[in-house]
Amino acid sequence: MPVPKAELHLHIEGTLEPELAFALAARNGVELPYADTDALRHAYRFEDLQSFLNLYYELMAVLRTEADFADLADAYLARAAAQGVRHAEIFFDPQAHTARGVALGTVVEGLWRALGRSEETHGISTQLIMCFLRDESAESALETLRAAEPYLDRIVGVGLDSAEVGHPPAKFREVYEAAAALGLRRVAHAGEEGPPAYITEALDVLGVERVDHGLRCMEDPALVERLVRERVPLTLCPLSNVRLRTVGTLAEHPLPAMLDAGLLCTVNSDDPAYFGGYAGDNFDAVREALGLGEERLRELARNSFVASFLEHDEERRARYLAEVEAYDFR
Ligand code: HPA
Ligand code: ZN
């Protein structure tokens with residue numbers, strides 16, 4: 001069994017495997033512009049974040065009913081469980097669905113059919129984080145937050161994703177203030193393609209508690225020092241970084257330097273159906289490409305639970321952490 005870990009950076013829409021995409025397309029009478037699953041897999045060649053996002057949004061057309069979202073989440077949980085995931089904080093993109101005429105309630109209720117019983121079915125505790133699309137307007141984000149109020153017992157926090165460059169965190173100051181007032185946790189993608197200044201802005205203007213990606217902090221030593229001092233977790237996604245060309249090869253990934261600097265790094269899968277692997281695959285990949293030893297791998301697993309939003313259940317966190325310490329890597 002792989003080392004126990006928490007998945008903290010996972011877009012549920014990014015777990016849509018080609019086989020499920022075609023099955024849902026058939027079920028819903030949706031025409032996909034690909035002959036078959038092989039043809040679709042051939043389209044998984046990305047130049048950058050935007051070229052991935054184009055396909056990611058296109059394939060969402062097959063997600064229409066509560067059952068579709070439940071099947072999507074169940075399929076993810078099964079794969080995650082097999083890779084040692086014990087706790088998952090799962091992103092979803094409400095605006096990508098409401099813009100297509102799929103109601104927010106359909107998305108949340110559908111996901112909840114799977115997540116509400118994930119401990120019994122898959123041995124994974126789960127939480128939902130609602131992301132705003134940063135290339136949409138601040139007004140649209142605020143409307144989305146208001147529309148989500150009936151479902152807030154199922155949503156632990158808010159995040160910010162989609163095309164980063166040109167859409168700095170400060171654009172969403174108001175909606176993050178409103179989210180904080182509702183008691184929601186706050187995270188944001190920053191420093192994936194965008195500059196280190198976006199990381200600082202996410203911390204100072206949006207009050208985020210974790211930074212998603214945050215890779216480009218390494219260009220700013222003062223920022224690294226701050227992230228270390230304030231123990232701000234970074235949710236890194238190594239296979240994603242290679243596929244979206246934010247790093248050249250896995251062997252060049254700054255993860256070892258980031259750990260050496262004392263940053264609270266975690267390893268996650270982002271959009272595993274598109275980027276070549278789930279959480280355990282990302283652990284295996286960095287272990288091999290970067291030669292990480294047992295203590296580094298244990299640190300990454302430990303960090304994932306330290307950085308989890310488990311403040312409501314510290315007993316559970318302690319249990320997970322004990323599993324990590326007891327894990328035998330040989
Ligand atoms: N970055 C930004 N937005 C996203 C991503 C990502 O890696 N995956 C899904 N939406
Ligand atoms: Zn992401």
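One-based numbering, in listed order, for ligands and for the atoms of each.
Taking the Zn ion (ligand 2) as reference, the nearest N/O/S atom within Asp270 carries the name OD1. Looking only at its N/O/S atoms, His189 has NE2 as the one nearest to the Zn ion (ligand 2). For His9, the N, O or S atom with the smallest separation from the Zn ion (ligand 2) is NE2.
The aromatic rings of His11 and Phe91 are tilted relative to each other, their planes meeting at an angle between 30° and 60°. Using cut-offs of 30° and 60° on the angle between ring planes, the pair His189 and His9 is perpendicular. Below 30°, between 30° and 60°, or above 60°: for Phe329 and Tyr327 the angle between ring planes is above 60°, a perpendicular geometry.
A distance of 10.0 Å separates OH in Tyr44 from CZ in Phe275, rounded to the nearest 0.5 Å.
Scanning the protein for heavy atoms near atom 5 (C) of ligand 1, the closest one is His11 NE2, 3.6 Å. Nearest protein neighbour of atom 1 (N) of ligand 1, counting heavy atoms only, is Glu192 OE1, 2.8 Å.
A cation-pi arrangement is absent between Arg186 and Tyr176, since the terminal nitrogen or guanidinium carbon is not both under 6.0 Å from the aromatic centre and inside a 45° cone about the axis.
Only the side chain of His213 comes within 4.0 Å of ligand 1, counting heavy atoms alone; its backbone N, CA, C and O stay farther away. Residue contacts with ligand 1 for Phe52 involve side-chain atoms from C-beta outward but no N, CA, C or O (heavy atoms, distance under 4.0 Å).
Between the side chain of Arg216 and the backbone N or O of Gly194, at least one donor-acceptor pair lies under 3.5 Å.
Taking any N or O of Asp93, backbone or side chain, none lies under 3.5 Å from an N or O belonging to ligand 1. Distances between N or O atoms of Asp270 and those of ligand 1 include at least one value under 3.5 Å. Note: an N/O pair closer than 3.5 Å links Asp271 and ligand 1 by distance alone.
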- Item | Derivation of the ring-ring contact (aromatic ring centres under 6.0 Å, His included) call for Phe69 and His97 | CA-CA 11 Å; Phe69 287 94; His97 308 301; 5.0 Å; yes
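With hydrogens and angles left out, the side-chain atoms of Asp68 and Asn28 include a donor and acceptor closer than 3.5 Å.
Coordination check, His11 versus the Zn ion (ligand 2): passed, since an N/O/S atom of the residue sits under 2.8 Å.
For the pair Ser162 and ligand 1, a heavy-atom separation below 4.0 Å is found.
For Arg146 and Glu143, the salt-bridge test fails: no basic side-chain N is under 4.0 Å from an acidic carboxylate O.
Residue-ligand proximity, Leu53 to ligand 1, at heavy-atom distances under 4.0 Å covers atoms 4 (C), 10 (N).
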